Amino acid sequence: MSINTFTPTPADKFTFGLWTLGNTGRDPFGEPTRSPLTPAQIVDAIGQAGGAFGVNFHDNDLIPLDASDQASAQIKSDFRKALRRNKLKIPMATTNLFSDPVFKDGAFTSNDADIRAYAIQKTMRAMQLGAEFGAKIYVMWGGREGTESDATKDPILAVKRYRKAINFLCKYNLDQNFGFKFALEAKANEPRGHIYFAVTGSYLGFIETLDHPKMVGVNPEFAHENMVGLNFVHHVAQAIEHKKLFHIDLNDQVMCRYDQDFRFASNSYKQAFFLVKLLTDTQYRGFKHFDSHAYRQSDHQDVIEFAKGSMRSYKILEYKTDQFNKDKQIQKLVKLINRDNRKLTSLTNKFTKKNAAQLLATNFNRHKLAERRLPYEELDQLTFDLLMGVR
Ligand code: GLT
Ligand code: MN
Ligand code: MN
C-alpha cells in the first residue's frame with residue numbers, strides 16, 4: 001500500500017449522515033454559526049468531498065415533521081436527483097425519537113402508552129422511508145430512553161418496553177419484506193442524565209433476549225464509550241466476536257467531556273489506530289459512518305475539509321496497520337509475547353474428567369513463569385514511532 005491510496009473510494013464504504021455535514025454549529029449555549037443546507041445541498045457537499053459511498057438520514061433530516069405531502073414529494077425528488085448526480089447511495093436510515101418535545105421522557109420506554117405507540121408508529125413510517133431509498137441497515141439510538149431521577153421510571157419495565165418495541169418492529173420488517181438489519185447504538189448519558197443500555201455490551205446481552213436475535217446487532221460509536229472513559233476498541237472487539245458488528249459510527253471525543261462528536265482520529269490517535277487495526281485485521285465489511293461534525297468555527301468550505309479529513313485519517317491508519325503488520329521487529333515481539341503450549345492448551349480447551357485430572361497433576365513453576373519477558377515498553381514505543389512516522 002502506498003501513500004497515494006489515502007484517497008477514498010466507494011469501495012471503502014465510508015458514509016456520512018445528513019445531520020453530520022448538515023450540522024449548523026448550534027450548541028446548548030450558542031446559536032448556529034453556519035446557514036442550514038437542504039438535504040440535496042448536503043448530498044452535493046458529500047459529493048464534493050469525494051470518495052464516499054453514501055448518505056444516511058433520520059426521517060426528519062429529510063422530511064421535516066408536519067411537512068405537507070406536496071413539500072415532501074418535492075424534497076424527495078430533489079434528494080434523489082442529488083444522489084444520482086453525486087453517485088451516492090443510502091445504506092442506513094434511522095428515526096428521530098429525541099428532538100420533538102413529545103419524546104422528552106423517552107420513546108419506546110416512555111411511561112405513557114400513547115407515546116410508546118406513537119414512537120413505534122413513527123419508526124414504522126421511517127422504515128418505509130428508508131426502504132424507499134434502498135437502506136438495508138436500520139439504526140436505533142435511544143437517546144431519550146433514560147432518566148434524570150430513578151424515582152421517575154421503573155428500570156425493569158423500561159427494558160421490557162424496549163424489548164416489546166424492537167420485537168414489534170422486527171416482525172414489521174419481516175411482514176413488509178424490507179430486509180433491514182437493525183443496529184442498536186448505546187450511549188451512557190446526554191441528552192438524558194442516564195441512558196438505559198449505556199454501553200455496547202448492554203445491547204449484546206439484550207439482543208439475545210429478542211424474538212429475532214439474528215436480525216439485530218449493534219452500532220457502536222467511538223465517542224459514546226470514550227466519553228465515559230471506556231476503551232472503545234474492547235467494546236467493538238466483543239461485538240465482532242459475537243458477530244454483531246452491523247454498523248459503526250466513527251468520530252472522536254476527549255474522555256469524560258461533553259458530547260463532542262469531533263472528526264475521527266482528531267484527538268485519540270492511538271485508540272483510533274487500534275480501532276482501524278481491529279476492523280482491518282478482522283476484515284470488517286460493513287459501513288463506516290462518520291457520525292461527527294465540524295468545529296463550530298468552520299464555514300461550509302471547511303466542513304468539506306472536515307469530511308475529507310475523516311476519510312483520509314481512516315486511510316492513513318489503514319496504511320499504518322499494514323506497516324505494523326509487516327514490521328519485522330514489531331512482529332517478532334508480537335510472536336514472543338504470545339506463547340503457546342499445545343499440550344496444556346489441549347487439556348484446557350475441553351473439559352473431560354481425564355483432562356481435569358491431568359491438569360490438577362501438572363506442576364507449574366510460577367516463579368519461572370513470572371520471569372518470562374514481556375517487553376511491552378519496547379513494543380508500545382515501536383508503535384508510537386510508527387504512528388509518528390519516524391519508523
Ligand atoms: C445523534 C446521535 C448519534 C446517533 C444518531 C442516530 S443521531 O446525532 O448523537 O450518535 O447515531 O440516531
Ligand atoms: Mn452515533
Ligand atoms: Mn454521538
Side-chain angles (χ1 to χ4, degrees), residues 14-28 39 42 54-62 65 90-100 103 106-109 119 122-123 126-127 129-130 135 137-146 162 165-166 169 180-192 195-200 202-203 217-228 230 232 235-236 239 245-264 266-268 275 286-296 306 310:
F14 292 135
T15 62
F16 294 89
L18 282 182
W19 69 97
T20 64
L21 266 80
N23 179 284
T24 56
R26 190 164 58 92
D27 74 14
I42 301 170
V55 191
N56 307 317
F57 61 77
H58 296 87
D59 47 356
N60 308 130
D61 297 337
L62 188 61
L65 276 170
I90 302 292
M92 177 271 260
T94 183
T95 329
N96 186 326
L97 295 174
F98 43 89
S99 297
D100 195 73
F103 300 124
F108 299 154
T109 70
K122 190 172 192 290
T123 305
M127 285 166 66
L129 182 66
I137 298 282
Y138 204 87
V139 162
M140 304 267 197
W141 174 62
R144 296 276 174 200
E145 312 294 5
Y162 204 83
I166 303 291
L169 293 165
F180 281 121
K181 290 267 189 188
F182 294 97
L184 310 183
E185 178 176 346
K187 191 178 184 187
N189 62 276
E190 236 185 303
R192 296 309 298 265
I195 301 179
Y196 301 122
F197 305 106
V199 294
T200 300
S202 319
Y203 277 130
V218 291
N219 175 39
E221 173 170 319
F222 194 107
H224 291 183
E225 253 86 19
N226 202 40
M227 74 187 288
V228 284
L230 299 174
F232 182 63
H235 278 81
V236 175
L245 188 67
F246 285 9
H247 196 261
I248 192 161
D249 276 1
L250 301 174
N251 55 6
D252 209 341
Q253 164 82 34
V254 180
M255 269 194 186
C256 304
R257 296 278 169 92
Y258 68 97
D259 184 359
Q260 297 173 314
D261 283 336
F262 285 156
R263 189 182 76 255
F264 178 62
S266 58
N267 176 70
S268 329
L275 177 71
F287 293 102
K288 290 164 291 216
H289 171 228
F290 294 106
D291 192 5
S292 48
H293 51 75
Y295 300 135
R296 191 160 180 264
F306 146 87
S310 304

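Remember, it's a predicted structure, so these values are computed and weren't measured experimentally. In listed order, ligands and their atoms are each counted from 1. Every heavy atom of this structure was used, including side-chain atoms; hydrogens, water molecules and symmetry mates were not. Numbering of residues begins at 1 and proceeds along the displayed sequence.
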Novice: What's the shortest heavy-atom distance between A126 and Y138, and which atoms?
Specialist: CB-OH, 3.1 Å
Novice: Can you tell me how far CG of L62 sits from CG of N96, rounded to the nearest 0.5 angstrom?
Specialist: 12.5 Å
Novice: So which bit of D249 gets within less than 4.0 Å of ligand 1, heavy atoms only: side chain, backbone, both or neither?
Specialist: side chain
Novice: Find all atoms of ligand 1 within a distance of less than 4.0 Å from any non-hydrogen atom belonging to F98, and give their numbers and elements.
Specialist: 7 (S), 12 (O)
Novice: Could you check atom 7 (S) of ligand 1 against the protein and tell me its nearest heavy-atom contact, residue, atom and distance included?
Specialist: H58 NE2, 3.1 Å
Novice: Determine which of the N, O or S atoms in D291 is closest to the Mn ion (ligand 2) and give its atom name.
Specialist: OD2
Novice: Please write down residue, atom name and distance for the protein heavy atom closest to atom 1 (C) of ligand 1.
Specialist: W141 CZ3, 3.8 Å
Novice: For H224, what is the atom name of its N, O or S atom nearest to the Mn ion (ligand 3)?
Specialist: NE2
Novice: Check all N, O or S atoms of D249 and name the one closest to the Mn ion (ligand 2).
Specialist: OD2
Novice: So, regarding E221 and ligand 1 (criterion: nitrogen or oxygen to nitrogen or oxygen, under 3.5 Å), is there a contact or not?
Specialist: yes
Novice: Does any N, O or S atom in E221 come within less than 2.8 Å of the Mn ion (ligand 3)?
Specialist: yes
Novice: Under the side-chain hydrogen bond (donor to acceptor under 3.5 Å, both in side chains) test against H247, which residue among D291, T94, T15, N219 passes?
Specialist: N219
Novice: Would you check if I42 and V55 make a side-chain contact, meaning some heavy-atom pair closer than 4.5 Å?
Specialist: no
Novice: Any salt bridge linking K122 with D100? Criterion: basic side-chain nitrogen under 4.0 Å from a carboxylate oxygen.
Specialist: no
Novice: For atom 11 (O) of ligand 1, find the nearest protein heavy atom and state the residue, atom name and distance (0.1 Å precision).
Specialist: E185 OE1, 2.6 Å
Novice: Tell me which protein heavy atom sits closest to atom 8 (O) of ligand 1, plus the residue, atom name and distance to 0.1 Å.
Specialist: W19 NE1, 3.1 Å
Novice: Using a 4.0 Å cut-off to any heavy atom of H224, which atoms of ligand 1 qualify?
Specialist: 10 (O)
Novice: Could you check M92 against F246 for side-chain contact (heavy atoms from CB on, under 4.5 Å), going step by step and ending with a plain yes or no?
Specialist: CA-CA 11 Å; M92 177 271 260; F246 285 9; over 6 Å; no
Novice: What N/O/S atom of E185 is the closest to the Mn ion (ligand 2)?
Specialist: OE2
Novice: Kindly indicate, with the supporting measurements, whether the criterion side chain to side chain donor-acceptor pair (under 3.5 Å) is fulfilled by D252 and S268.
Specialist: CA-CA 7 Å; D252 209 341; S268 329; 2.5 Å; yes
Novice: Among protein heavy atoms, which lies nearest atom 3 (C) of ligand 1, and at what distance?
Specialist: D291 OD2, 2.9 Å
Novice: Decide if atom CZ of R296 counts as having more than 12 heavy atoms of other residues, nucleotides or ligands within a radius under 6.0 Å.
Specialist: yes
Novice: Do D261 and N23 touch side chain to side chain, with heavy atoms closer than 4.5 Å?
Specialist: no
